[in-house]
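To start, the structure under review is shown below, and the notes come after it.
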Amino acid sequence: MKHKEIICGILAAVCYGTNPFGALPLYEEGVNTASVLFYRFSMAVLMLAVMLIVERKSFSVKKGDLKTLASLGALFAVSSITKTIKNSLRQQ
């Protein structure tokens with residue numbers, strides 16, 4: 001089981017690190033950063049939902065995990081917002 005977790009962690013890091021390869025062509029076509037982020041996050045939510053349904057796991061979140069999830073969500077949102085601001089300033 002430990003090996004599965006390590007492999008999943010490596011795959012997640014590789015996927016996250018290659019995000020620009022999918023976004024750069026979209027930016028060249030004129031798609032704005034907010035749209036790219038919206039569709040990227042929407043696809044992630046759909047993939048997660050499919051995984052949970054296939055594995056027959058609950059969508060519920062434990063009360064103790066809410067603080068951690070909110071903190072991670074806020075950090076990820078700040079990361080995305082700063083990317084959007086940076087791209088907006090670059091276009092000016």
Working to the nearest 0.5 Å, report the span between [atom1] of [X] and [atom2] of [Y].
{"X": "M51", "Y": "L46", "atom1": "CE", "atom2": "CG", "result": "13.0 Å"}
{"X": "R40", "Y": "L26", "atom1": "CZ", "atom2": "CG", "result": "8.5 Å"}
{"X": "L24", "Y": "N19", "atom1": "CG", "atom2": "CG", "result": "10.5 Å"}

Output a table of donor-acceptor pairs, distance under 3.5 Å, between side-chain atoms of residues 62-76 and any protein atom two or more places apart or on a different chain; print 'none' if there are none.
from : atom 1 : to  : atom 2 : distance (Å)
S71  : OG     : K67 : O      : 2.9

Closest contact, heavy atoms only, [X] versus [Y]:
{"X": "P20", "Y": "G17", "result": "CD-O, 3.5 Å"}
{"X": "T33", "Y": "Y27", "result": "CG2-OH, 3.6 Å"}
{"X": "A23", "Y": "V36", "result": "CB-CG1, 4.1 Å"}

Worksheet item: Do T82 side-chain atoms and V78 backbone N/O form a donor-acceptor pair below 3.5 Å?
Response: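 Yes; judged by distance alone, with no hydrogens or angles, the pair exists.
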**Prompt:** How about F59: does its CZ atom have over 12 heavy atoms from other parts shown lying under 6.0 Å from it?
**Reply:**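 Buried by this count: over 12 neighbours within 6.0 Å.
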Whether over 12 other heavy atoms sit under 6.0 Å from F38 CZ: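 No, CZ of F38 has 12 or fewer neighbouring heavy atoms, counting only those of other groups under 6.0 Å.
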